[in-house]
Amino acid sequence: MTALAALIRRDIKIALRVGGGALIGVLFFLTVTVLMPFAIGPDLAVLTRLGPAILWLGALLASLLTLDRLFTADHEDGSLDLIVMGQTPLELACAAKALAHWLAAGVPLIVATPALGLLLNLDASATSAVALTLLVGTPALTFTGMIGAALAVTLHRGGLLLAVLVLPLSIPVLIFGVAASQAAITGPLSFGTPFSILCALSLVSLVIGPFAAAASLRHGLD
């Protein structure tokens, strides 16, 4: 557990420093949310209706933008080989790295959601609902994207492969995240059903992601 805690602290420090990727994701999320009202127009009703989808799409793309650094930096400096050959199970190490990535890159997006919701004409209850769905759904984006990051780590053009692999797997999370947000804001659907499915997707990715990523790393580094 000490080794896993040290790995989490190390990855968070790397992500939060300049060029680490966490700040880039937040700035991208801010840019997408700020530009959308200019593209859609001044109709406040349309902004309110599309607000949850815009916030979720921005969070998805911002998460994808920072995923390529999940294993690449460790592969470049050789520390990934030490992690693979270490005594700590690789599955737990992958889970720790994904948790650190979510804490450094996912949590800031959730914190910024209430402020950015004001730009989309969302009230406090609506932005709270979107933030709650992001809190539950973004772990699924991280642990699912970790699989693609592990597959792409040994490739020279892995960024393109990462997008091709991760985006289709992220569509169910996006659908039920937006559905839960819309149900909480406007109805008429029940909030519990899509929210429960969103929780289930995060739990499934939490179980499958580390094992799939570990198997991809072992195969790719052999």
Side-chain angles (χ1 to χ4, degrees), residues 3-4 6-17 19-29 56-86 88-109 134 137-174 177 201-222:
L4 294 177
L7 181 61
I8 292 174
R9 288 196 300 268
R10 167 185 172 272
D11 280 12
I12 290 177
K13 289 180 180 178
I14 293 175
L16 293 180
R17 71 186 184 186
L23 181 61
I24 296 176
V26 175
L27 291 177
F28 183 83
F29 186 41
W56 256 98
L57 187 60
L60 170 61
L61 296 177
S63 177
L64 180 63
L65 186 66
T66 57
L67 276 174
D68 63 332
R69 302 296 297 174
L70 190 56
F71 295 111
T72 302
D74 292 334
H75 179 61
E76 291 174 350
D77 63 15
S79 58
L80 184 60
D81 295 321
L82 298 177
I83 294 174
V84 173
M85 295 184 295
T88 304
L90 185 56
E91 291 79 6
L92 292 179
C94 290
K97 290 184 68 65
L99 176 61
H101 178 273
W102 180 75
L103 291 174
V107 172
L109 302 181
L134 286 174
T138 47
L141 298 178
T142 299
F143 280 87
T144 302
M146 177 177 58
I147 304 174
L151 289 171
V153 67
T154 57
L155 303 177
H156 296 293
R157 296 183 178 271
L160 179 60
L161 177 62
L162 178 62
V164 172
L165 290 175
V166 173
L167 281 178
L169 297 176
S170 302
I171 290 177
V173 182
L174 178 65
L201 290 173
S202 291
L203 291 175
V204 170
S205 65
L206 177 63
V207 174
I208 297 178
F211 289 94
S216 301
L217 290 176
R218 290 192 182 100
H219 178 73
L221 296 176
D222 285 342

Next item on the list: Give, for atom CG of Leu103 and atom OG1 of Thr142, the distance between the pair rounded to the nearest 0.5 Å.
Entry: 9.5 Å

Note to self: Can you tell me how far apart CG (Leu167) and CG (Leu174) are? Round to the nearest 0.5 Å.
What the structure shows: 10.0 Å

Notebook entry, point to check: Should Thr144 and Val173 count as side-chain neighbours, where that means a heavy-atom distance under 4.5 Å?
Noted result: no

Next item on the list: Answer yes or no: is there a side-chain heavy-atom contact under 4.5 Å between Ile24 and Leu65?
Entry: yes

Next item on the list: Work out which heavy atom in Ala95 is nearest to a heavy atom in Pro210; give both atom names and the distance.
Entry: CB-CG, 3.8 Å

Next item on the list: Working to the nearest 0.5 Å, report the span between CZ of Phe29 and CG of Leu57.
Entry: 10.0 Å

Check: Quick one: NZ on Lys97 to CD1 on Ile8, what's the gap to the nearest 0.5 Å?
Finding: 10.5 Å

Next item on the list: Quick one: do Asp11 and His101 satisfy side-chain contact (heavy atoms from CB on, under 4.5 Å)? Show the steps, please.
Entry: CA-CA 7 Å; Asp11 280 12; His101 178 273; over 6 Å; no

Item checked: Test side-chain contact (heavy atoms from CB on, under 4.5 Å) applied to Thr88 and Leu4, step by step -> CA-CA 8 Å; Thr88 304; Leu4 294 177; 3.6 Å; yes

Margin query: How close do Pro108 and Val26 get, counting heavy atoms only, and between which atoms?
Written below: CB-CG2, 3.5 Å

Next item on the list: Please round to the nearest 0.5 Å and tell me the distance separating atom CD1 of Ile12 and atom CH2 of Trp102.
Entry: 10.5 Å

Note to self: To check you understand the geometry: which heavy-atom pair defines the closest contact between Ser205 and Pro139, and what is its length?
What the structure shows: OG-O, 4.2 Å

Note to self: Determine whether Cys94 and Phe71 satisfy the following criterion, side-chain contact (heavy atoms from CB on, under 4.5 Å), listing intermediate values before the conclusion.
What the structure shows: CA-CA 9 Å; Cys94 290; Phe71 295 111; 4.2 Å; yes

Notebook entry, point to check: Can you tell me how far the CG atom of Leu203 sits from the CD1 atom of Ile208, to the nearest 0.5 Å?
Noted result: 11.0 Å

Next item on the list: Looking only at non-hydrogen atoms, find the nearest pair between Leu60 and Ser170 and report the distance.
Entry: CD1-CB, 3.6 Å

Note to self: If I compare all heavy atoms of Leu109 with all of Ala59, which pair ends up nearest, and what's the gap?
What the structure shows: CD1-O, 4.0 Å

Notebook entry, point to check: Testing Ile83, Leu90, Leu151 for side chain to side chain contact (heavy atoms under 4.5 Å, CB included) with Leu217, which one passes?
Noted result: Leu90

Next item on the list: Please report the closest heavy-atom contact between Leu141 and Ser63, naming both atoms and the distance.
Entry: CB-OG, 4.1 Å

